[in-house]
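First up is the structure itself, then whatever we jot down about it.
Just the heavy atoms: all of them, side chains too, but no hydrogens, waters or symmetry mates, feed the values below. Sequence lines set the chain letters: A, B, ... in the order given, protein chains first and strands last, and positions in each chain run from 1.
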Amino acid sequence: MAEKPELRPYAREIVAIVREAVAEVNRLPLDEQKRLLREKYSWILEKLSKPKEQEKALPPLPGAEEGKVVTRFAPNPDFVIHLGNARPAILSYEYKVMYKGRMILRFEDTDPRTKTPLPEAYELIKEDLEWLGVRWDEEYIQSLRMPIYYQIIRELLEKGHAYVDDRPGEEFRKYRNSGKLSEYPPRLRTPEENLEMWDRMLEGRFAEGEAVVRIKTDPNHPDPSVRDWVAFRIVDTSRHPHPLVGDRYIVWPTYNFAAGVDDWLMGVTHILRAKEHMQNTTKQKYVYEYMGWKYPYVVHFGRLKLEGFIMSKSVLKQLLDQGISTGIDDPRFATIAGLRRRGITAEAIRKLILEVGTKYTDASISYANLAATNRVIVDSVARRIMAAIPPAPVVIEELPWEKRVFEIPYHPSGELGSRKITLEGPMTVVYVSQSDIKLMKRSSVIRLMEAFNIEVVDAKNDKIIARFHSLGLEEARRYRAPIIQWVPADAALHIELLVPEGLDLIQRRGVVEQAAAELKQGDIVQLVRIGFVRVDAVEIENGSARKVVMIFAHE
RNA sequence: GCCGCGGUAGUAUAGCCCGGCCAAGUAUGCGGGCCUCUCGAGCCCGUGACCCGGGUUCAAAUCCCGGCCGCGGCACCA
């Protein structure tokens, strides 16, 4: 009916007919229905059976034209970026690619006092972005653009759209909240007076807190915070030096001013940002109006929360300062560096961000969800390695060989090569997981994965005694033998597995097969029957590996 | 409190603008089966949602009103 509006007047009659038809069809037996469908309307079946897979695509950007889209990611370099920041970063990048446009990276470091930039954060953020696969075309740092902001505000002061306010904040608020803002004395100053005061601000005649520059807005705007908002304030940089420009400037633009001005000057067409910036759009639009600029399209989205993780920068900093964490890349953190360190891939993060998209409501993702996405990516490329954590020795007797070499593939697909494990006879010792001991007590026959079957002889004491049973997998199946991973005792490496759990970092010790010595930091492997882990460090002693430190990612 | 914005399965998301192809799709989770020398992966089957109440309409997840719940903002932070 959407397609044939001319039928609408007959809707009532048609509905009656349709009801009757449906009832009639429903009275037929299911088989009869199917038969009729096949005979007369096979095209419907075809349509139904067609697989409808479609790559999850981002919704189109309003007003976007190919080749003309400019997005930006504008982090504050007071800390590294976390999963929440990855959202605007990745979306800005994806849209830039989608529309073959440009992306700008802009460091917003205009508050040396309360959000003092971290000197190393500029580089660390770029490294994180690069790791995420985000590529930008231009790069700016706001603290290096101060003359530009000064120039624009001068113009606004000249035109009477801004004024210097040298009164205490309480007094301003008194006027603002009583609906008398239009009578606020500083607001009534002439442009000449304002320019003179502005120069005095620049000269350092006002101390911190003694003067600000306000943008004139609707003095009775329903949102009080919008009314004559602050564009510049004074920061005593002799006490709070800026890591990049030291004490060169004492008059600093606020976020709303600097970001608003830059978006225009840099040609940004589309701003993708979280909803806490909603009111900022309203504020910034005044500057745009006064300057005759066109405000970019804005897409606001909700917060992205990773359940069980701390996303707040200030809390993360606190944990860092208290020495509770191991660094900015602590695997318990949802910082990009932290997620990377515990074995989450950039591809998984990207997929997650695209899945969440640009929806306005908050999204709360569980780690299980992120892990599931990661698992699929990592599964086909992660080597399988055996470890016993914590280890329990098993003595195996009656081995029918003096020496036997087992070649074990690194991946069930056989595509990741293999390693060799040598076992001597007639007696040897292997480590198995302590948790598998109870398995051995229950089942008489056990298969050592990819090797041979053993039969438990004595399991009364801590030390399990077993003997060779058979070689083939078929026998193992016949005896319904559990298949477990194992590590030869004479070629075992120490392993320390760090398992992040909430705010705890649980340390588990065990042994891992010799093959782990060849791993490099950053490798993601699967410890068989334990889960996917990332190699954090391979500790070398006298030229050979002694211990491997791994961080648990997920099952 | 005041401004603004939202509510689709356990979670996330599609559909909402432009009412009917929606007895609501997809992913993940969960349950079951197959396969596999891992408790992983893969394949198959199943499970499960339109916040509530009114209204408009032949027809409402979609439009309107009210309620409830949630979120954001209310800085000389970004």
[X] [atom1] to [N] [atom2], straight-line distance once rounded to whole Å:
X      : N     : atom1 : atom2 : answer
A:L304 : B:A12 : CG    : C1'   : 10 Å
A:Y367 : B:U28 : OH    : P     : 17 Å
A:L527 : B:G40 : CG    : P     : 15 Å
A:L370 : B:G10 : CG    : P     : 22 Å
A:K317 : B:C77 : NZ    : P     : 15 Å
A:D228 : B:C74 : CG    : P     : 17 Å
A:W486 : B:U38 : CH2   : C1'   : 15 Å
A:L448 : B:C37 : CG    : P     : 16 Å

* Would you kindly check whether a donor in the side chain of A:K275 faces an acceptor in the base of B:C5, or vice versa, at under 3.5 angstrom? =>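 For A:K275, whose side chain was compared with the base of B:C5, there is no donor-acceptor pair (under 3.5 Å).
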* To do: Check if the side chain of A:Q526 and the base of B:U38 share a donor-acceptor pair of N or O atoms closer than 3.5 Å.
  =>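 Result: at least one qualifying N/O pair found.
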Using a 4.0 Å heavy-atom cut-off across all strands, classify [X] as base, sugar-phosphate, or nothing.
X      : value
A:F532 : sugar-phosphate
A:E108 : sugar-phosphate
A:V230 : sugar-phosphate
A:T282 : nothing
A:A363 : sugar-phosphate
A:H277 : base

Please determine, for the side chain of [X], which listed nucleotide ([options]) has the closest atom?
X      : options             : answer
A:N280 : B:A78, B:A12, B:C39 : B:A78
A:R113 : B:G29, B:C77, B:C3  : B:C77
A:E355 : B:A78, B:U13, B:U38 : B:U13
A:T114 : B:C77, B:G72, B:G29 : B:C77
A:D379 : B:A41, B:C37, B:A78 : B:A41
A:Y255 : B:C3, B:U28, B:A78  : B:A78
A:T254 : B:A78, B:C71, B:U13 : B:A78
A:P222 : B:C71, B:C3, B:C76  : B:C3
A:V356 : B:U38, B:A12, B:G73 : B:A12

N-O pairing of [X] and [Y] below 4.0 Å:
X      : Y      : answer
A:E171 : A:K174 : no
A:D166 : A:R189 : yes
A:D436 : A:R529 : yes
A:K275 : A:D362 : yes
A:R145 : A:D109 : no

* State yes or no: are the ring centers of A:Y149 and A:W252 separated by less than 6.0 Å? =>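 No, they do not, as the ring centres are separated by 6.0 Å or more.
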* Near-ring test A:Y479/A:H469, centroid separation under 6.0 angstrom ->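 Under 6.0 Å, so yes.
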* Asked: Passes side chain to side chain donor-acceptor pair (under 3.5 Å), A:D263 versus A:Y295? Steps please.
  -> CA-CA 9 Å; A:D263 282 337; A:Y295 203 80; 5.2 Å; no
Is [X] close enough to [N] that one of its side-chain N or O atoms is under 4.0 Å from OP1 or OP2 there?
X      : N     : answer
A:R233 : B:A78 : yes
A:K115 : B:A78 : no
A:R375 : B:G29 : yes
A:T110 : B:C77 : no
A:R384 : B:C37 : no
A:R477 : B:C37 : yes

Whole-angstrom distance between [N] and [M], as gauged at atom [atom1]:
N     : M     : atom1 : result
B:C16 : B:G73 : C1'   : 26 Å
B:A60 : B:G20 : P     : 11 Å
B:G54 : B:A49 : C1'   : 22 Å
B:U36 : B:G31 : P     : 23 Å
B:U28 : B:G42 : P     : 7 Å

Across all strands, who's sitting opposite [N] as a Watson-Crick or G-U wobble pair, both distances under 3.5 Å?
N     : result
B:U62 : none
B:C22 : none
B:C16 : none
B:C71 : B:G4
B:C34 : B:G42
B:U47 : B:G29
B:U57 : none

* Asked: Starting at the 5' end of RNA chain B, which residue's closest nucleotide do you reach first, A:D223 or A:T373?
  ->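 Going by which nucleotide is closer to the 5' end, it is A:D223.
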* **A:N256 or A:Y360, whichever maps to the more 5' nucleotide of RNA chain B** =>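 Its nearest nucleotide being more 5', the pick is A:Y360.
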* Asked: Mind checking whether A:L144 and A:F107 have side chains closer than 4.5 Å, heavy atoms only?
  ->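 No, every pair of side-chain atoms sits at 4.5 Å or beyond.
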